[in-house]
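Since the structure comes first, as structure tokens, the remarks are kept for the end.
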Number of protein chains: 2
Amino acid sequence: MSDPLSKRRLKLWIRLLGVTRAAEGQLREFLRVRHDTTLPRFDVMAALYRRREGVTMSELSRMLLVSNGNATAVVDRLEKDGLARRTPSETDRRTVFVSLTPEGLAAFESFAADHEAEVNRIFAGLTEQDIDLLTEILKRMGGPK
Amino acid sequence: MSDPLSKRRLKLWIRLLGVTRAAEGQLREFLRVRHDTTLPRFDVMAALYRRREGVTMSELSRMLLVSNGNATAVVDRLEKDGLARRTPSETDRRTVFVSLTPEGLAAFESFAADHEAEVNRIFAGLTEQDIDLLTEILKRMGGPK
DNA sequence: GTTTAAAATTTCAAGCTTGAAATGATTTTT
DNA sequence: AAAAATCATTTCAAGCTTGAAATTTTAAAC
């Protein structure tokens with residue numbers, strides 16, 4: 001009665017998508033209600049926080065696995081709200097560096113611990129051993145290099 | 001040097017999101033290039049295929065973990081293209097059943113095997129044992145009930 | 001050195017997605 | 001049975017997202 005490998009991989013993918021979407025939904029709700037922000041904005045700010053010295057638009061979209069146009073749009077909105085800023089490169093006039101403003105930095109720091117706690121709550125069922133196993137398998141499943 | 005559990009859960013979530021987005025990107029590209037369709041349309045059609053007798057809008061959005069408004073929009077477009085249809089309930093005038101038209105059914109059947117093969121290609125690195133392990137853990141991680 | 005190709009970003013139209021509010025229908029309470 | 005609460009769906013505005021085309025700049029080829 002066991003499915004062939006191909007069918008099992010398909011079912012696994014559907015389950016993986018389900019878990020991810022459910023968690024995304026909870027995080028989105030959490031960010032909206034508690035911090036009046038959105039997941040895409042949080043993702044961009046997290047990337048800019050990780051690379052405090054600034055990133056190019058291309059790097060940003062590669063980091064987040066979104067299109068260039070998308071990165072432009074989200075950064076536009078963050079910039080309009082004074083949370084991010086663009087700085088043209090001195091050496092290459094095609095390139096711009098994006099970074100958090102002081103306000104953006106402060107805002108992100110006010111999200112970050114709370115966000116981690118929420119992720120923790122969502123995945124409270126995972127033991128150290130689960131994490132070891134999952135990490136190992138996910139590494140082999142690819143994702144961003 | 002090992003992170004506390006909380007940090008490890010956070011990193012795992014980021015990795016999980018990365019794997020899922022990368023796979024979604026590949027599938028989206030595949031559906032666009034080879035079958036001239038999109039992931040959301042495919043997801044809706046797959047749900048309607050699984051429940052050939054028809055589903056209500058609410059069931060549909062619960063199945064796919066999307067908002068009601070979203071389900072309405074995608075079904076609208078499928079209906080406009082003649083791939084899905086709405087049938088009002090006889091017994092409850094609030095309810096509509098959505099189902100695939102014959103054209104929609106044929107279209108989905110022409111995607112399905114190919115889609116499964118593509119998922120298989122993307123997750124070729126997963127052995128039977130990986131799948132057992134992952135399935136077990138993902139079940140405990142929640143997702144749609 | 002001029003043409004050609006490649007790269008970084010933005011713009012744009014179309015489609016996706018959400019959450020809130022509106023509409024209409026059914027069920028529950030009083 | 002009227003009032004109130006609940007339910008199913010749609011509508012709407014705002015934001016998200018993509019992929020393709022356009023712009024501008026740099027690098028490569030000739």
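Residue numbers start from 1 in every chain, and the chains themselves are labelled A, B, ... in the order their sequence lines are given, proteins ahead of strands. Keep in mind that what you see is a predicted model, and the values were worked out from it rather than measured.
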May I ask you to say what [X] touches in the nucleic acid, namely base, sugar-phosphate or nothing, with a heavy-atom cut-off under 4.0 Å?
X       : answer
A:Asp76 : nothing
A:Arg21 : nothing
B:Asn68 : base
A:Ser58 : sugar-phosphate
A:Thr95 : sugar-phosphate

DNA chain D: 5'-proximal contact among B:Ala73 and A:Val74 (nearest heavy atom): B:Ala73

Given DNA chain C, 5'-ward residue of the pair A:Phe97 and A:Glu29, judged by closest heavy atom: A:Phe97

I need the [atom1]-[atom2] distance between [X] and [N], as an integer number of Å.
X       : N      : atom1 : atom2 : result
B:Arg28 : D:dA20 : CZ    : C1'   : 16 Å
B:Arg86 : D:dT9  : CZ    : P     : 10 Å
A:Asp81 : D:dG15 : CG    : C1'   : 12 Å
A:Arg94 : D:dA27 : CZ    : C1'   : 8 Å
B:Leu39 : D:dG19 : CG    : P     : 11 Å
A:Asp36 : D:dA14 : CG    : C1'   : 14 Å
B:Met57 : C:dA25 : CE    : P     : 17 Å
A:Leu64 : D:dT17 : CG    : P     : 9 Å

Among D:dG19, D:dC7, D:dT9, the one nearest A:Ser67 by side-chain distance: D:dG19

Nearest to side-chain heavy atoms of A:Asp92, which nucleotide of D:dT26, C:dT18, D:dT9: D:dT26

State whether [X] places a side-chain N or O below 4.0 Å from either non-bridging phosphate oxygen (OP1 or OP2) of [N].
X       : N      : value
B:Thr72 : D:dT10 : yes
B:Arg93 : D:dC7  : no
B:Thr56 : D:dT9  : yes
A:Arg32 : C:dA20 : yes

Does [X] come within less than 4.0 Å of [Y], counting only side-chain N to carboxylate O?
X       : Y       : result
B:Glu79 : B:Arg85 : no
A:Lys11 : A:Asp3  : yes
B:Asp76 : B:Arg86 : yes

B:Thr56 backbone acceptor or donor facing B:Glu59 side chain under 3.5 Å: yes

Under 3.5 Å: donor-acceptor pair, side chain of B:Arg41, backbone of B:Val74: no

Trace of the side-chain contact (heavy atoms from CB on, under 4.5 Å) decision for A:Glu24 with B:Leu65: CA-CA 10 Å; A:Glu24 275 192 86; B:Leu65 299 181; over 6 Å; no

